[in-house]
Amino acid sequence: MKIKSLMLLTTGAALATTGAMADGHMAGSMTLVSWGGAYQISQQRAYSEPYAEMHEGLEVIWDESSAEAVARLRAMNEAGNITWDLVDVVAADAMRLCDEGLAMEIDHDEVLAPAPDGTPASEDFGEFIVSDCFIPQIVYSTTFGYRNDVAEWNGAEPDSVCAVFDTETFPGQRSLERRPIANLEWALICDGVAIEDVYDTLETEEGLDRAFAMLDTIKDQTVWWSAGADTPQLLADGEVVIGSTYNGRLFSLIEEQGQPVNMLWDWQMFDLDGWIIPAGLPEDRLARTLDFVRFATDTQRLADQALYISYGPTRASSAPLVGNHADLGIAMAPHMPTDPANSENTFLFNYEWWADYRDDMDARFQAWLAQ
């Protein structure tokens, strides 16, 4: 069985059940790449710490470079030196890496554990498997947090995402991600484009000009962030009054740190996050990675992550297992982006559109920032 499995791994074809592979054939260390902050801590507590306890002597190295995953993996591949074993990416980046042959295609039902009732992984994850290379973990949203103690607002509080562009009612510094994703969509929505027309509008030169013109109105009052932990820190320090980031980071800021910050759920951007396995790993590292990813994405582990951060698990079988926060004891369901009270206005992120246009949009956005 070991020989057969290794042959399959070598050819990169359909993968054998990794649980059958003995520790002796697995690497003694693995490098996992994620996004840092509260999200990475939730992965460590739910996945890597219990896995390491099961494998004495295993060295788990975390790298916080997911925001640069595509560029870094392209460079590693060109240099012929892949140093990462498992990389956490958003769905659109997984599609790009898969299309470029930089992420390994997998058979989800071979690589991932079935649900406790025997339901195959592909059915349990369902529509969240948006690419042959993508191993879904969470549903999250990019949304806004704002300070609730800004004297200049005279008691007003934002109830619309367009408050970000309203510097008269809500003066003060903003923070937005140093990438075009979400910023372009929000700019068009707040410039009056219908939700269903946003991506068609972005495909035209006039539409792009319109989005950037809207962003021009707040460019000089914006701090541009690169890491998901930046906006929570900027809000906590009072350096910005409103800013975008991932909803789980804001949950941590509000509920765990008790900062004077509220959530703004209006037109939150739904997205998926998950693992990809870099193509071309040596056999022993691939065996370790496959063994870990099978453990880290089973029904219980995905439910466990939701005990530490307010991101929804992507397995249907995990949802009923989500309970109260592991440390705070509060119910997690009302803090999820999918809770009905939070999702009256949600924008479904178009993964395929961004997979196709990301490089062009990144180049234009960075050129605009430099102007």
Side-chain angles (χ1 to χ4, degrees), residues 35-42 67 138-179 181-183 186 190 218 221-271 273 306-312 324-347:
W35 303 83
Y39 176 59
Q40 186 172 303
I41 291 171
S42 74
I138 59 161
V139 179
Y140 73 101
S141 72
T142 304
T143 189
F144 284 87
Y146 62 89
R147 288 193 66 95
N148 55 29
D149 60 353
V150 184
E152 292 80 3
W153 292 1
N154 298 313
E157 288 196 17
D159 60 6
S160 161
V161 70
C162 298
V164 176
F165 298 94
D166 182 358
T167 56
E168 183 173 338
T169 307
F170 303 104
Q173 290 285 101
R174 284 87 168 101
S175 64
L176 291 171
E177 189 173 10
R178 184 180 287 277
R179 298 192 296 176
I181 289 180
N183 291 330
W186 282 321
C190 293
I218 57 171
Q221 300 169 65
T222 297
V223 177
W224 300 96
W225 59 266
S226 300
D230 291 349
T231 285
Q233 190 62 56
L234 290 165
L235 285 167
D237 294 343
E239 294 186 31
V240 304
V241 294
I242 186 169
S244 66
T245 189
Y246 315 123
N247 73 283
R249 307 301 181 105
L250 292 170
F251 169 84
S252 177
L253 182 71
I254 297 168
E255 301 297 338
E256 295 178 355
Q257 300 178 36
Q259 293 290 333
V261 172
N262 289 352
M263 296 279 289
L264 178 62
W265 291 103
D266 184 52
W267 293 121
Q268 57 170 316
M269 297 273 176
F270 274 0
D271 201 353
D273 203 291
L307 302 182
Y308 305 111
I309 199 163
S310 56
Y311 296 146
N324 295 340
H325 189 280
D327 302 320
L328 302 176
I330 61 175
M332 293 300 286
H335 299 280
M336 297 292 176
T338 50
D339 185 83
N342 303 330
S343 55
E344 291 183 11
N345 289 331
T346 59
F347 191 96

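Below, each value reflects all heavy atoms present in this structure, side chains not excepted, and no hydrogens, waters or symmetry copies.
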Where do Thr222 and Arg174 land on the side chain to side chain contact (heavy atoms under 4.5 Å, CB included) test, with the steps shown first? CA-CA 5 Å; Thr222 297; Arg174 284 87 168 101; 4.0 Å; yes
Any non-hydrogen side-chain atom of [X] less than 4.5 Å from a side-chain atom of [Y]?
X: Gln40; Y: Trp35; value: no
X: Thr346; Y: Trp267; value: no
X: Val150; Y: Phe170; value: no
X: Asp271; Y: Tyr140; value: yes
X: Ser244; Y: Trp186; value: yes
X: Leu250; Y: Leu235; value: yes
X: Ile330; Y: Glu255; value: yes
X: Arg249; Y: Thr231; value: no

Pro171: which residues meet the side chain to side chain contact (heavy atoms under 4.5 Å, CB included) condition with it, sequence neighbours left out? Glu152, Trp153
With sequence neighbours excluded, tell me which residues meet side chain to side chain contact (heavy atoms under 4.5 Å, CB included) with Cys190. Val161, Cys162, Phe165, Met214
About how many Å separate [atom2] of [Y] and [atom1] of [X], when rounded to the nearest 0.5 Å?
X: Thr142; Y: Leu176; atom1: OG1; atom2: CG; result: 11.5 Å
X: Ser141; Y: Met336; atom1: OG; atom2: CE; result: 11.5 Å
X: Met263; Y: Asn148; atom1: CE; atom2: CG; result: 13.5 Å

I'd like to know if the side chain of Asn183 and the backbone of Glu177 have a donor-acceptor N/O pair within less than 3.5 Å. yes
Is it the case that the side chain of Asn342 and the backbone of Pro334 share a donor-acceptor pair, with hydrogens and angles ignored and the cut-off at 3.5 Å? yes
Using the salt bridge (Lys or Arg N to Asp or Glu O under 4.0 Å) criterion, which residues pair with Asp339? Sequence neighbours excluded. none
Contacts of Arg178 that satisfy salt bridge (Lys or Arg N to Asp or Glu O under 4.0 Å) - sequence neighbours left out: none
Test of understanding: with ring pair (Phe, Tyr, Trp, His ring centres under 6.0 Å), list the residues that count as partners of Trp225, not counting sequence neighbours. Tyr246
Take atom CG of Asp149 as the centre, draw a 6.0 Å sphere, and report whether it contains more than 12 heavy atoms from other residues, nucleotides or ligands. yes
Ser310-Asn247 side chain donor-acceptor pair, cut-off 3.5 Å: yes
What verdict does the side chain to side chain contact (heavy atoms under 4.5 Å, CB included) test give for His325 and Glu256, after you've listed the backbone C-alpha separation in whole Å, the side-chain angles of each residue and the deciding distance to 0.1 Å? CA-CA 10 Å; His325 189 280; Glu256 295 178 355; 2.9 Å; yes
Got a sec, which residues hit side chain to side chain donor-acceptor pair (under 3.5 Å) with Tyr39, two or more places apart in sequence or on another chain? Gln43, Asp88, Asp273
For Val164 and Phe144: C-alpha separation, side-chain torsions, deciding distance, then whether side chain to side chain contact (heavy atoms under 4.5 Å, CB included) applies. CA-CA 9 Å; Val164 176; Phe144 284 87; 3.5 Å; yes
List the steps, then state whether side chain to side chain contact (heavy atoms under 4.5 Å, CB included) holds for Glu157 with Asn262. CA-CA 9 Å; Glu157 288 196 17; Asn262 289 352; 3.3 Å; yes
